[in-house]
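Remarks on the structure that follows.
All residue numbers refer to positions in the sequence shown, counting from 1.
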Amino acid sequence: MAAISSLAGSVRERAAGAAFDAGGSAGASSGAHLQTSAISIQNCSLTFGSVRVLNGVSLDVRSGEFMSILGPSGCGKSTLLRLILGLLRPDQGGGITLHVPREEIGIVFQKPVLMPWQTAIQNIELPLNIGPQRAKQSKAERRERAEWTLELVGLADFRNHYPQQLSGGMQQRIAIARALAANPSILLMDEPFGALDEFTREKLNIELLRLWANPDTKLNTVVMVTHSIQESVLMSDRIVMMSPRPANVSDIVQVPLAHPREAEMQELPAFLSTVREIRKQVKAL
């Protein structure tokens, strides 16, 4: 935990100035950077058999931002992440444009999906040993990278522990370290904290923000699917509101909170008013 907590003062310029005003303009120190697209989604629909899941979704994910996607269960939020990853193809007429190489996109799922027969450090090394990193780095370099990310998430003392010896929160931190080991510039997260208790979830919310702001990583942009209104407001620069299925973007809410974020910000009037605004929109869906 100390390894992550020590990052509190090490915040990138784009995180420090990423607060938005009501009109959607970014702060002076980061506005130009945030206007650059990392991912462009153009008129994407998706149909499974006779069921239309997505209906003409268009969205730009800005480079350097933390974006949350919020919407009713089953509306297609996770499906949208799979489209971005290239695991699914949109119906004819839609397209996804990635402004970074596909190998620079990492993914963290709702469940850690760790190999139970491998230790923490071996689980982190797994994508390095089977992906493009294997050809680019020696075994010693891959191990060094895995050790570094394990230290980054504050679990160096648990390197030789197996998943069943770790708490749910620790397992999810190993999953995050595994994603960061491949040095992604974009991180997609599919309800990564949904199965955790509220205390652990809040801790990991803040830790993830500090990892995102850490200048020692390449991580630049985060897109997170969540069901939690409070979590989305605490963590995000913008919140994409999805309509019920067949889903489209019903609204994009700018979050008027400065970086770095802290859990105590949940008591601020700006936080509470944004939560109320989103809750009102959710009830109207």
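Contacts of D251 classified as side-chain hydrogen bond (donor to acceptor under 3.5 Å, both in side chains), with partners at least two apart in sequence or in another chain: Q281. Residues passing the side-chain hydrogen bond (donor to acceptor under 3.5 Å, both in side chains) test with S236 are S68, sequence neighbours excluded. Residues passing the salt bridge (charged side-chain N to carboxylate O under 4.0 Å, His left out) test with R82: none are found, sequence neighbours excluded. With sequence neighbours excluded, no residue satisfies side-chain hydrogen bond (donor to acceptor under 3.5 Å, both in side chains) with Q171. In this structure, N248 has no side-chain hydrogen bond (donor to acceptor under 3.5 Å, both in side chains) partners at least two apart in sequence or on a different chain. Judged as a side chain to side chain contact (heavy atoms under 4.5 Å, CB included), and not counting sequence neighbours, the contacts of E264 are E262. Under the salt bridge (charged side-chain N to carboxylate O under 4.0 Å, His left out) criterion, E104 pairs with K218, not counting sequence neighbours. Residues satisfying the salt bridge (charged side-chain N to carboxylate O under 4.0 Å, His left out) criterion with R245, sequence neighbours excluded, are absent altogether.
Pairs of residues two or more places apart, or lying in two chains, that qualify as salt bridge (Lys or Arg N to Asp or Glu O under 4.0 Å) and include a residue from residues 154-171 are E147-R159. Residue pairs satisfying the salt bridge (Lys or Arg N to Asp or Glu O under 4.0 Å) criterion with at least one member in residues 111-123, sequence neighbours excluded, are absent. Applying the salt bridge (Lys or Arg N to Asp or Glu O under 4.0 Å) test to pairs two or more places apart or on separate chains, those with a residue in residues 227-236 are R201-E231. Sorted by first then second residue, the side-chain hydrogen bond (donor to acceptor under 3.5 Å, both in side chains) pairs that include residues 86-99, not counting sequence neighbours, are S40-H99, Q42-T97, T47-D91.
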Exercise for review: Report the C-alpha separation of I124 and I174 in whole Å, then their side-chain angles, then the decisive distance to 0.1 Å, and conclude whether the side chain to side chain contact (heavy atoms under 4.5 Å, CB included) test is met.
Suggested key: CA-CA 7 Å; I124 295 172; I174 295 297; 4.0 Å; yes
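Listed for the D237 side chain is a donor-acceptor partner under 3.5 Å among the backbone atoms of F66.
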